[in-house]
Novice: 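Let me begin by handing over the structure; questions about it come next.
Side chains included, hydrogens not; waters and symmetry mates left out as well; all remaining heavy atoms used. Numbered from 1 within each chain, the chains take letters A, B, ... in sequence-line order. Since the model is a prediction, treat every value here as computed from it, not as a measurement.
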Amino acid sequence: MDWFPLFNSLRIAGISTVIIFFVGIFAAYYIAKAPRVLKGVLDVVLTLPLVLPPTVVGYLLLRLLGPKRVIGAWVLATFGVRLTMTWWSAIFATTVVIFPLMYRTARGAFESFDETLAYSAQSIGLSNTYIFWRIRMPYCRQGILAGTVLAFARALGEYGATSMIAGYTPGRTATISTTVYQLWRTNEDGLAFRWVLVNLAISFVVLLAVNMLEKRNKSPRRGALRKEAA
Amino acid sequence: MSLSVDLEKDLGSFRLRAAFEAKDETLALLGASGCGKSLTLRCIAGIEKPDRGRIVVDGITLFDSEKGVNLTPQQRRTGLMFQNDALFPNMTVLQNIRAGARRERDALRREQGVAEVMESFGLTELAGRYPAQLSGGQQQRVALARILVSGPRILLLDEPFSALDSHLRFRLEQEVRQVLHRFGRTVVLVSHDRDEVFRMSDSIVIMDDGQIQTAGSRDDVFRDPRTRSGAVLTGCKNISRVCRLDGARVRALDWGITLELREKLTDEKYLGIRMHDVRPGDGENAFWARVTEEIENPFSFTVMLRPEEAEEKSTPIGWEMEKDTWRRLRADRVKISLPPESILRLRE
C-alpha cells in the first residue's frame, strides 16, 4: 500500500491549520471588537464557506487562481508558477473551507473573556501584547484548541474543492479522500476500504480529542474550590 | 499630590458631567447604580474616553481634550480595583503579584518588592494557589497587593467590597483602610453603600444621573446633603415636599404639618429629617402623632408616626431610637418634635 495519500493529506491539513490558526484568531479578535453592523456583515461573509457546497468554493477559487484568471495569470507571468494542480494547491481549498470553523470557535471564546481582566492588567502596566498572549489566550485556551482540532479534522476530510483545484494525480496530489473516490471508481474495493479505515481511525482520534477538550472546559480551575477556601 | 477631574461624556440617553478635586485623601463617589460613578472611574483609568475635559494626577496630565493628550491606561499608572474576578485565573498568587511588578526593570528590586508585598498582605502561604482556590476576601487582598506592587500614582477602587459577605467585608474593609493610610496618596472609592463611604472616606462626591449633586468633606456632606438624592444616598428616609408660608414658616406637604425653620426657605423643594433626629416630647415644631407601625430592628425600634393634624393619606414620619427608649415611651400616640437645626433643606 502506497502511503503517499496519508502523508499528503496530513501535510495539507497541517499547513492549512497553522495558517488558519493565526488568521482565524486575528479575525476573531478584531471582529469581536468591531461595531455591530460591520460585525454582522463580516460574520456572514466569513461564515459563508461553511454552508456553501465545497464545489462552489472550488469553482470560485478556480475563477480566481486558474492559469487564465486574474490572480493565477499574474502569478504565472511574474513567478512562472501555476497555482493549480500541485499538491499545495489543495491548501487554498482547505484554508477557505476550514476558516469559518476556527473563526467562529475563537470568536465565541473571545466573547466569553472577562474584559475586567484586561482592564486591571492595563492599569498595572502590562502591555497589550502581554495581555493577549499571557492572559487572553490562556483564558480562551480550550475554545481555541477545540477550534483548531476541528479545523484540522475538516481539512483532512476536504474533498470537493480540493479535487477541483488540485485534481487527483497518484503520488503527487492524491489525498485520502480523493484516493478513496478514485479507488472506488476503479473497482479496487479492498484498497478503498483500507483507506476508509485509516480515515475512520484519524477522525475517531480527533473527535476524542475535541470531546476531552470540551470536558476540561466544563470543569476548569476557576470556582472549583472557592467555597471550601472561604 | 492631587487629582483634578473635569470631564463630559455623552452616551446618547445618558450624559455624564463630573468635575471634582481631591488631595492626598480618600474621596468617595457615592451614588445609586447607573449614576455614572463607575464610568467616571473608567475615564480616569483610561478605559473609557471622555468627549471633553481634563484629568490631572500629581501634576501629570492624563487626558486633555483641548491639547489632544490621552495617555494609555498603562502610562497613567492608576491602580484600578474591581468588585471581583480581576485576578488572572491561569496564574498563581505569586505569578499574579509578579505580573504587577513587571514595570520594575531591575530583577533584584522587583523580587524584593514582590516579597515585601506578599509578606505585608499575609499572602506568603498562599503563593502557590490559583485564584479559584482563594476566598473572596483573599482574592481582593491579592488584587490590592498586585496593584500596590505596580507603583500606582493613585488608587481607583470600584465597589471593592460589594461582592463579599458582610462579616468578611467588615474585616477586609479594616485592612484596606490601613493599607490606604500607608499608601498616603489620592484614593477614589466608588460605592453605593453610605456606611462604607462614611467609614472609609475623607471627602464625598454625590452623583445622580450623571451629575454631581453635592461635594465636600465627609461630615459636611452628611450634615447637609443639599439635594433630595443626596439626602436619600446619605440615608435620610423622611423626605417631604415643601412650600413656603410666611417668614420662616413652611408647610411640609407630604407630612401634612406646618414647621418653623431657622431661616426663610429659598429655592429648596424638599425637607428631610433623619430618623434618629426626631426628638420626643416638647420643643420646637412639636406635635402629637399617632403610631401607624412599629418595626423592630436587631438593635433599635423604628416607629412610623402620622401627625394628628395630618390627613389619612399623609406620609408617616419614621423615628428610630434605642430599644429601651421606645419601651419606656411606648404608646398609641406620642408627642414628638422636629428640631429646626436637624431639618435638611433640599433642592431637587
Novice: May I ask you to say whether E115(A) pairs ionically with K33(A), meaning some side-chain N is under 4.0 Å from a carboxylate O?
Specialist: no

Novice: Among P152(B), G79(B), S150(B), which residue forms the greatest number of heavy-atom pairs with chain A at distances under 4.5 Å?
Specialist: S150(B)

Novice: Taking 4.0 angstrom as the limit, do D6(B) and R54(B) come out as a salt bridge?
Specialist: no

Novice: Which bit of A121(A) comes within less than 4.5 Å of chain B, counting heavy atoms only: side chain, backbone, both or neither?
Specialist: both

Novice: Measure distances from R42(B) to the heavy atoms of chain A and classify the residue's part below 4.5 Å as side chain, backbone, both or neither.
Specialist: side chain

Novice: How long is the span from the CD atom in E25(B) to the OG1 atom in T186(B), to the nearest 0.5 Å?
Specialist: 7.0 Å

Novice: If the plane angle is over 60° it's perpendicular, under 30° parallel, otherwise tilted; pick one for Y29(A) and F110(A).
Specialist: perpendicular

Novice: Is A99(B) close to chain A through its backbone or its side chain, or both, or neither, when contacts mean heavy atoms under 4.5 Å?
Specialist: both

Novice: Report the option among R76(B), R146(B), Q83(B) that has the most heavy-atom pairs separated by less than 4.5 Å from atoms of chain A.
Specialist: R146(B)

Novice: May I ask you to decide whether E159(B) forms a salt bridge with K37(B), counting only side-chain N to carboxylate O separations under 4.0 Å?
Specialist: yes

Novice: Under 4.5 Å heavy-atom distance to chain A, tell me which part of I47(B) shows up: side chain, backbone, both or neither.
Specialist: side chain

Novice: Using non-hydrogen atoms only, which part of R102(B) is less than 4.5 Å away from chain A: side chain, backbone, both, or neither?
Specialist: side chain

